[in-house]
Amino acid sequence: MMITAAWWRPLDNGQVACDLCPIACRLREGQTGPCATRANHEGTMVPLHYGRIVSSAIDPIEKKPLYHFHPGSPILSVAAPGCNLHCMFCQNWNISQNGEARTLKTSPTDLVAMAQAEESVGIAFTYSEPLVWYEFVKDTAGIVREKGLKNVLVTNGYLNPEPLAELLPLIDAANIDLKSMDDVFYRKICKARLEPVLASIRQFREAGVHLEITNLLIPGHNDRDDQITALVDFVAGLDQDIPLHFSAYHPAWKLNAQPTPPATLQRARELAAGKLKYVYLGNTNSSEGRDTVCPDCGTVVVERSGYRGVGKLTDGDRCPGCGARIPVVVN
Ligand code: SF4
């Protein structure tokens with residue numbers, strides 16, 4: 001049975017207009033959007049990967065990365081091919097930029113049953129771009145909720161506000177990739193714009209979704225002090241408690257910059273000190289910037305080794321050293 005996509009309009013000339021993301025495609029008969037997830041089929045917009053997965057794994061939730069949401073929990077992580085951004089440095093380009101990638105058939109109920117069988121805390125829609133897998137994510141997320149499990153998005157945040165508003169009541173936690181505070185970076189390197197991403201971040205927050213932010217630091221592209229400071233200031237302006245993950249870049253796809261030196265990660269962390277309470281360093285072998293530390297007394301409240309987190313909180317979310325509340329979601 002063919003599924004019809006959400007958020008599109010037929011046009012007079014047989015084309016269809018997509019209202020899902022800010023790219024605002026007009027697709028001719030037979031044409032697929034640049035996201036490789038939606039196509040005009042005989043004047044109707046259809047989602048191409050409904051019930052198809054390209055990757056699945058049980059990951060530690062820390063790998064998303066989410067450090068303040070059910071630390072130490074396993075989560076079923078799934079993806080379909082495609083993405084509406086085309087970041088030259090994409091670390092998952094083999095699935096995000098390959099609409100033809102081989103997929104396996106599944107269904108919302110099958111995935112939720114798998115999550116339950118694996119004693120997963122829920123389902124993470126991740127690896128490629130879940131927001132343009134919209135119809136399947138929404139249908140699955142509804143069943144996840146019915147079963148008392150959690151829905152997680154790892155996303156670029158590039159969606160129009162109306163479809164996002166419809167999805168967010170089902171979402172428990174998200175890690176949004178904020179690639180830069182520079183619109184030129186978004187235009188040149190990602191073929192997108194900055195402002196819709198910032199608007200989405202605000203929208204996730206206002207909807208009460210647990211939010212963490214990741215910034216991949218790419219030498220020579222977004223790692224100057226003023227660029228890092230602008231990003232830190234934006235996040236701190238929303239809430240000092242939002243965890244910010246600075247992540248190391250490794251050359252991938254179309255960008256061949258040098259890998260992020262450990263000193264750059266350290267410098268980013270120092271620039272954020274005093275502005276944000278929880279700053280982490282990822283994609284690196286160093287153990288620095290991994291643990292969650294109480295900002296009041298310095299006690300380690302979640303200890304991490306690799307991607308494994310061990311919580312030491314008392315009464316759910318209290319520091320065992322001084323009793324301060326730590327913004328970690330455990331229920
Ligand atoms: S979701 Fe895909 S088809 Fe729709 S506007 Fe965005 S890129 Fe175009």
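Read the numbers this way: they start at 1 and go in the same order the structure lists the ligands and their atoms.
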Among Glu195, Lys191, Lys179, Arg193, the one residue meeting side chain to side chain contact (heavy atoms under 4.5 Å, CB included) with Tyr186: Lys179
Pairing residues for Arg187 by the salt bridge (charged side-chain N to carboxylate O under 4.0 Å, His left out) criterion, not counting sequence neighbours: Asp183
In residues 10-24, what donor-acceptor pairs under 3.5 Å come from side-chain atoms, sequence neighbours left out?
from  : atom 1 : to    : atom 2 : distance (Å)
Asn13 : OD1    : Gln15 : N      : 3.0
Asp19 : OD1    : Arg9  : NH2    : 2.9
Asp19 : OD2    : Arg9  : NE     : 2.8

Heavy-atom donor-acceptor pair, Asp239 side chain to Asp241 backbone, under 3.5 Å: yes
Set of residues satisfying salt bridge (charged side-chain N to carboxylate O under 4.0 Å, His left out) with respect to Asp182, sequence neighbours excluded: none
Verdict with reasoning, His221 to Phe89, per side-chain contact (heavy atoms from CB on, under 4.5 Å): CA-CA 11 Å; His221 291 276; Phe89 53 83; over 6 Å; no
Atom 6 (Fe) of ligand 1 neighbourhood, protein N/O/S only, threshold under 2.8 Å: Cys21 SG
